[in-house]
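One structure is given here, and the rest of the page talks about it.
Note that the structure is a prediction, hence the values are computed from the model and not measured. Letters go in sequence order (proteins before strands), and every chain restarts at 1.
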Amino acid sequence: MRGLRTWIGLGFAVVLATAFSVPPGVEASAPYKIGFITDLSGPFAESFTPTWEGFELYIKALNDRGGVNGHQVQVMIEDDRTSAVRTVALAKKLVEGGAIAIFGLSSSSTHRPTYEEMEKVSVPVVTGFSGVQEALPPAKPYAYSAGTVFEISGEVGGEILPTLVPQGSKVVGITVDTVGGRALLKTNKAVAEKLGYKWDEVIVPVRTVDFTPYARTLVAKSPDIVIGHYGAEQNIGVIPALRKVGYTGPYVVAVYGVGEHAVREAIQKAGSGKNLYTFSRYISIFEDVPAVQQVKATAKKYGTTKPVSTMHVNGWVMGKIAEATLKQCGWPCTGEKLDKVLSGLEIDTEGLTGGPIRFTATDHYGTSFWRLYRWDEAKDALVPVGEWLKKDKLIFPVK
Amino acid sequence: MEFVATFVVLASTYALLAAGIVILYRASRVLNFAHGELAIIGGYVFLSMTGFAGGSLPLAFAGALAVSLVTGIAIYVVVMKRLTGQPFYVAILVTIGIGILLKSLIIIVWRARATSIPIGSGTVLTFASGARMSQLDLATVLVAIAFYFGLYLFYRFSRLGIQARGTAENPLLASQRGVNVHFVLALSWAIAVLGASVAGILYGGRALLSPQGVVVGFSGLTAALVGGLDSLLGALLGSLIVALAEYLTIQYLDPILGEAVPFIILLLAMLLRPWGLFGTREEIERV
């Protein structure tokens, strides 16, 4: 009997030891944990969801290829509904859950507080399509952006003018009454006037839905060209309103969360896409290059809820940044190590942007490249106008 | 004439909403703060219906109107009927709650999608006077006129309309005279929500369908208050006043102030003539 007890005891011991021991290879199978926060159900969900989908597509394909350094990449996704308070709380939650970096973020109002909070816990933040001046030099610790910093895109809005209208023409900018919108018009105006253009502007309330009265105000200013610094949804309202009140001159859409499907929807409603332009930091999904084909093929394989657009390309490039950074960070990787890698990162986007994305110890935004597109009615698509415009510094630096 | 075309279209949207607010107030003394939400929900329902109806707009329209009628009746039967005998502010607070609920529904069901309702083409009609209107602009004006004319005929000549007026005047007496008061009140809610839905569909078609659009309800409410909460004629006039003030502010003062105009008018109305232009003085003073 005593012998039997001994054997049973030994058996339990073996079972327990097997259950609680760490077999070889378990560490190798632990994933890299990163966080992604954006607006998935709030007021700007339409614009931000595609960036998440592009990022997710890239990471899914990456994990199917075996992950990074033999580890899968686990993305913890959170919905901030464009609330700064919520974003900070979610970022802290993700860090507590083991995230070593935060990607994405929604509107610019969420960026600064998140950068500040994540610096305290040494976790780098790489923002997506919108961007605030904190991402520009001088570099702030742990704060990076692969998106559209308003001061930069506002200036680009001025720099593209000579391609479209002769010097001396009247430019009218239109935006919503937000800090970002005003910053865009301010920098656009500064560059336009420096280049010899006349400037006027219309700022509309944030919650505007019916743009017709505002379009009439704009037309009364007799513009030769109109530049709209708007998100996707507003463009669907603004473009038809402008055409309806009789404005047929050039209208330029600055691409902030504006997918090609939204441009097409606006054109359908306006009745014509003639004289319609966009400019963007990321390539249009209409361009037939291998990298765009890869994004489309991956989207087809895994599926998306939104039509594939340049915003998916934006998210895809963020996925590339995540992969390159984790690869160089090695295993195990921490927020501090990741930050060191990011501050010397250079990635080839394979044509998805006009040049590489490069962060340095002194510049966490780097040189950006911008492309002007024209709506081609025959092709029912955007076609590039000229080459990429290189933007390596602000003409009017932020004081 | 451009100016007239713009403000008349705006006024027509507000008038469709103001009519519903007046109908509800007249019938049950409820000031409906969820009217903007009901309008935008109507637009979203229509959008979904176009999918279910295989792209057939008449079918989608019929489906959306049926849903709005059922919604109106359901709000009365499930919520408002139970508030009979409660102080008037309870019902007002409940409508605010309904508004919050409907806004959440837009996020949950339609993911807060901002889009345009695919009705009407980009064709612009240019009149001899030089005014330019889209087909939907014109439709909005015509529908508003037809809605008010229909309401006039209904309340003036139909048996049910006369019963509704009787109920509005004195529900107890109407009940004692054999009027089915609950039916009349449910019908009032159905008509009001129907008007809001039509306004939402047309608004989402000619402008933009978005959760932000619910603010249009406030313009309708202001129009109803300015005109007098128990007067349909007043609602019509109030809509013209609000739309005109909004347009003139955008055009000649500052576009940013456009959104604030209904609030300013509302404050002025409350200070100077709280019963409105055509409203009954005693009744509004109670509110």
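Counting all heavy atoms, side chain and backbone alike, B:Gln251 lies closest to A:Arg216 at NE2-O, 3.8 Å. Counting all heavy atoms, side chain and backbone alike, A:Glu265 lies closest to B:Ser116 at OE2-N, 2.9 Å. Here the closest non-hydrogen pair linking A:Pro205 and B:Pro255 is CD-O, 3.6 Å.
If you measure heavy-atom distances from B:Thr115 to chain A, the contacts under 4.5 Å come from both the backbone and the side chain. Only the side chain of B:Leu10 comes within less than 4.5 Å of a heavy atom in chain A; its backbone stays farther off. Only the side chain of A:Asp177 comes within less than 4.5 Å of a heavy atom of chain B; its backbone N, CA, C and O stay farther away. Using a 4.5 Å cut-off between heavy atoms, B:Tyr252 does not touch chain A at all.
Interatomic distance, B:Trp110 CH2 to A:Glu46 CD, rounded to the nearest 0.5 Å: 14.5 Å. Rounding to the nearest 0.5 Å gives a distance of 9.0 Å between NZ of A:Lys269 and CZ of B:Arg206. For the atom pair A:Thr212 OG1 and B:Met133 CE, the distance stands at 10.0 Å (nearest 0.5 Å). In this structure, CD1 on B:Ile256 lies 9.5 Å from OH on A:Tyr214, to the nearest 0.5 angstrom.
Among A:Thr208, A:Val202, A:Ile203, A:Val204, the residue making the largest number of heavy-atom pairs under 4.5 Å with chain B is A:Ile203.
Residues satisfying the side-chain contact (heavy atoms from CB on, under 4.5 Å) criterion with A:Ile225, sequence neighbours excluded, are A:Leu161, A:Leu164, A:Val165, A:Val171, A:Pro250, A:Val252.
Contacts between residues 239-249 of chain A and chain B, defined by a heavy-atom separation under 4.5 Å, are made by A:Arg243, A:Lys244, A:Val245, A:Gly246.
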